[in-house]
Amino acid sequence: MTITLNIGPHQFKRPVIMGILNVTPDSFSDGGSYVSHEQALARVEQMLKEGADIIDVGGESTRPGAADVSLTEELQRTVGVIKAIKQRFDCLVSIDTNKAQVMQQAVEAGADIINDVCALTNPGALEVAADSGVPVCIMHMQGKPRSMQANPQYDNVVSEVITYLKQRVESCVAAGIVESNIIVDPGFGFGKTLDHNFQLLAQLNEFKQLGLPILAGVSRKSMFGKLLGKSPDSLMAASVAGAVLAAQQGAHIFRVHDVQETADALNVYSKVQMSK
Ligand code: 9MG
């Protein structure tokens, strides 16, 4: 089944690249170096030139053990940056947050998509997302970011994650979110061991049964770091390989740090698919 991804007036029939813009001082991937607006805008410009379709703005790190960020701090980090991006560039922006108030103010500032690693389970999130009318990405996580890697357990990680996402889709629809505005995400690295993550990647095609666009976020994840014994900033090749494998398994959106390299690889992948 081919899925066309609709985001506002934009229609995508090819792999969609979501470039990561962390505006956090504790981000593991960029050391928080994009906190000033000018630096953030320069990074956005570069990612757009390299082939990003969406810029994912996040003000709270979701890496295991990361400290919580207050609402005020998260709003300060994200809302102004989103306004500045939307003023300067004609591009899609997603807000990476699990707080209802951040979702609301980010959408008011121009964000086109809500990306919630907590799948809209926090107070008010479902209602704000439904009222906003923008597409939402709902992700599976076992536990909470601070403790999720302590001892994740599943009988069957693939079927349990699919069941969870089905239930969250039902809750979203019951709250008034139209199904065509829902993107699903297995949540690589969120409450999963190395084996769980690789089982999910190997069987990502099972998620097609949900009938919704699939987002894969494998970029610089510890599943590759642990496998290869490398630090996050040495995982570009592994991450690109992961993106291509996810594309082969039916993923539509790729949340990545290395935009140019992923775009090149996915362009090769698409050409091969079209040549069949
Ligand atoms: C914010 N964030 C970090 N990792 C992510 C992933 O794998 N998926 C989504 N949707 N968001 C993520």
Side-chain angles (χ1 to χ4, degrees), residues 5 7 16-24 26-30 32 34 52-66 68-69 74 77-78 82 92-99 102-103 106 111-122 125 129 134-146 148-149 152 157 161 164-165 168-169 172 181-192 196-198 200-201 204 207 210 212-225 232 235 238-239 242-243 245-247 249 251-258 262:
L5 181 66
I7 303 170
V16 171
I17 296 189
M18 176 185 265
I20 299 169
L21 185 75
N22 288 316
V23 285
T24 58
D26 63 344
S27 164
F28 68 95
S29 57
D30 59 24
Y34 302 120
D53 301 292
I54 304 168
I55 303 298
D56 191 41
V57 177
E60 179 178 39
S61 174
T62 49
R63 78 188 150 105
D68 292 340
V69 173
E74 197 178 334
R77 289 180 187 176
T78 55
I82 292 171
L92 291 168
V93 168
S94 54
I95 175 68
D96 153 22
T97 188
N98 54 54
K99 295 188 183 79
V102 178
M103 293 173 191
D112 306 274
I113 304 167
I114 294 169
N115 174 28
D116 184 1
V117 299
C118 294
L120 304 175
T121 53
N122 281 341
V134 302
V136 297
C137 175
I138 52 170
M139 197 198 78
H140 173 272
M141 168 170 23
Q142 188 180 88
K144 296 270 169 236
R146 192 181 281 277
M148 64 190 175
Q149 289 308 106
V157 66
V161 173
Y164 172 84
L165 289 173
R168 290 310 300 156
V169 169
C172 287
N181 261 354
I182 304 175
I183 298 159
V184 291
D185 182 340
F188 289 100
F190 285 83
K192 283 124 191 153
H196 294 143
N197 286 311
F198 277 95
L200 283 169
L201 186 53
L204 197 62
F207 287 74
L210 294 167
L212 296 169
I214 300 167
L215 187 150
V218 295
S219 182
R220 300 193 195 172
K221 290 272 164 94
S222 68
M223 59 191 281
F224 301 131
L235 294 176
S239 303
L245 290 164
Q249 295 283 328
H252 302 86
I253 309 175
F254 304 84
R255 183 179 181 276
V256 303
H257 299 86
D258 303 294
T262 312

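Note that the structure is a prediction, hence the values are computed from the model and not measured. Both ligands and their constituent atoms are indexed starting at 1 by order of listing. All values below were derived from every heavy atom in this structure, side-chain atoms included, with hydrogens, water molecules and symmetry-related copies excluded.
In terms of protein heavy atoms, atom 8 (N) of ligand 1 is closest to D185 OD2, 2.5 Å. R255 CZ, 3.3 Å is the protein heavy atom nearest to atom 2 (N) of ligand 1.
Counting only heavy atoms from C-beta outward, the side chains of M141 and Y164 never approach each other to under 4.5 Å.
Panel note: side chain T97, backbone M103; no donor-acceptor pair is recorded below 3.5 Å. Counting only distance, with no hydrogens or angles, the side chain of N122 and the backbone of K99 share no donor-acceptor pair below 3.5 Å.
P186 and L215 get closest at one heavy-atom pair: CD-O, 3.5 Å. Minimum heavy-atom separation, G225 to L235: N-CD1, 3.5 Å.
Residue contacts with ligand 1 do not include G58, since none of its heavy atoms lies under 4.0 Å from the ligand.
Close approach to L215 involves these atoms of ligand 1, each under 4.0 Å from a residue heavy atom: 8 (N), 10 (N). Near N115, meaning under 4.0 Å from one of its heavy atoms, ligand 1 places the atoms 9 (C), 10 (N), 11 (N). The C137 neighbourhood of ligand 1 comprises atoms 10 (N), with distances under 4.0 Å to a heavy atom of that residue. Set against the non-hydrogen atoms of K221, the atoms of ligand 1 under 4.0 Å away are 4 (N), 5 (C), 6 (C), 7 (O). Of all atoms in ligand 1, numbered sequentially from 1 with element shown, those under 4.0 Å from a heavy atom of V117 are 1 (C), 2 (N), 11 (N), 12 (C). Each of the atoms 6 (C), 8 (N), 9 (C) of ligand 1 lies under 4.0 Å from some heavy atom of M139.
The side chain to side chain contact (heavy atoms under 4.5 Å, CB included) test with E60 singles out one residue from N22, D96, D68, and that residue is D68. Partner of K192 under the side chain to side chain contact (heavy atoms under 4.5 Å, CB included) criterion, chosen from Q142, M223, H140: H140.
Residue G217 places at least one N or O, backbone or side chain, under 3.5 Å from an N or O of ligand 1. Among the atoms of D56, none of the N or O lies under 3.5 angstrom from an N or O of ligand 1. The shortest N or O to N or O distance between D96 and ligand 1 is not below 3.5 Å.
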*Under the side-chain contact (heavy atoms from CB on, under 4.5 Å) rule, what do I113 and V93 come out as? Steps first, then yes or no, please.*
CA-CA 6 Å; I113 304 167; V93 168; over 6 Å; no

